[in-house]
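These notes concern the structure reproduced below.
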Amino acid sequence: MSEVPAMRVEVDREACCGSGNCVMAAPDVFDQHESDGLVVLLLPEPPPELHDAVRQAVHLCPAGAITVAG
């Protein structure tokens, strides 16, 4: 039995430019704050079925504001 390693997501709101690409790629993990449009992290440890979407969000973020471990 192989186990999928846990993923830990972190966001840097200071670096975020509010493009919304992360929300488009992984809406279950990211949202944008209503007042400033900056990233809001909904799931810091997303389940394995969302890992590919999170990696896509990291790739699409123009500010490099999202990092993942695992």
Side-chain angles (χ1 to χ4, degrees):
M1 181 171 145
S2 65
E3 189 171 308
V4 177
M7 172 185 273
R8 177 82 185 159
V9 182
E10 295 184 4
V11 296
D12 181 351
R13 286 181 48 83
E14 296 289 321
C16 178
C17 64
S19 73
N21 290 343
C22 57
V23 179
M24 298 295 285
D28 293 329
V29 180
F30 304 100
D31 198 357
Q32 288 179 281
H33 195 275
E34 287 184 28
S35 64
D36 60 14
L38 299 180
V39 65
V40 175
L41 181 59
L42 302 174
L43 286 175
E45 296 182 10
E49 61 268 22
L50 297 178
H51 288 186
D52 286 345
V54 170
R55 288 187 185 95
Q56 181 70 10
V58 171
H59 177 72
L60 293 174
C61 179
I66 305 168
T67 55
V68 295

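Reckoned from all heavy atoms, side chains included, excluding hydrogens, waters and symmetry mates.
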For [X], enumerate each residue passing the side-chain contact (heavy atoms from CB on, under 4.5 Å) test, keeping only those at least two apart in sequence or located in another chain.
X     : result
Cys22 : Phe30, Val39, Ala57, Ile66
Pro5  : none
Gln56 : Ala25, Leu60

Which residue pairs pass the salt bridge (charged side-chain N to carboxylate O under 4.0 Å, His left out) test with at least one member in [range], sequence neighbours excluded?
range          : answer
residues 55-64 : Asp52-Arg55
residues 18-29 : none
residues 10-26 : Arg13-Asp36

Exercise for the section: Could you list all the side-chain hydrogen bond (donor to acceptor under 3.5 Å, both in side chains) pairs where at least one residue sits in residues 57-70, not counting sequence neighbours? Expected result: none
Handout entry: Shortest non-hydrogen contact between Val54 and Met7, atoms and distance
Key = CG1-SD, 3.7 Å
Completion exercise
Heavy atoms of Ala65 and Cys61 approach each other most closely as N-SG, 3.3 Å
Within one Ile-Leu-Val-Met-Phe-Trp-Tyr cluster: [X] and [Y], side-chain cutoff 4.5 Å:
X     : Y     : answer
Leu50 : Val58 : yes
Val68 : Val29 : yes
Val11 : Leu38 : no

Practice task
Quick one: list whatever passes salt bridge (charged side-chain N to carboxylate O under 4.0 Å, His left out) with Glu45, sequence neighbours left out.
Solution key: Arg8
Exercise for the section: Step through the shown structure and confirm whether more than 12 heavy atoms of other residues, nucleotides or ligands are within 6.0 Å of CD on Glu49. Expected result: yes
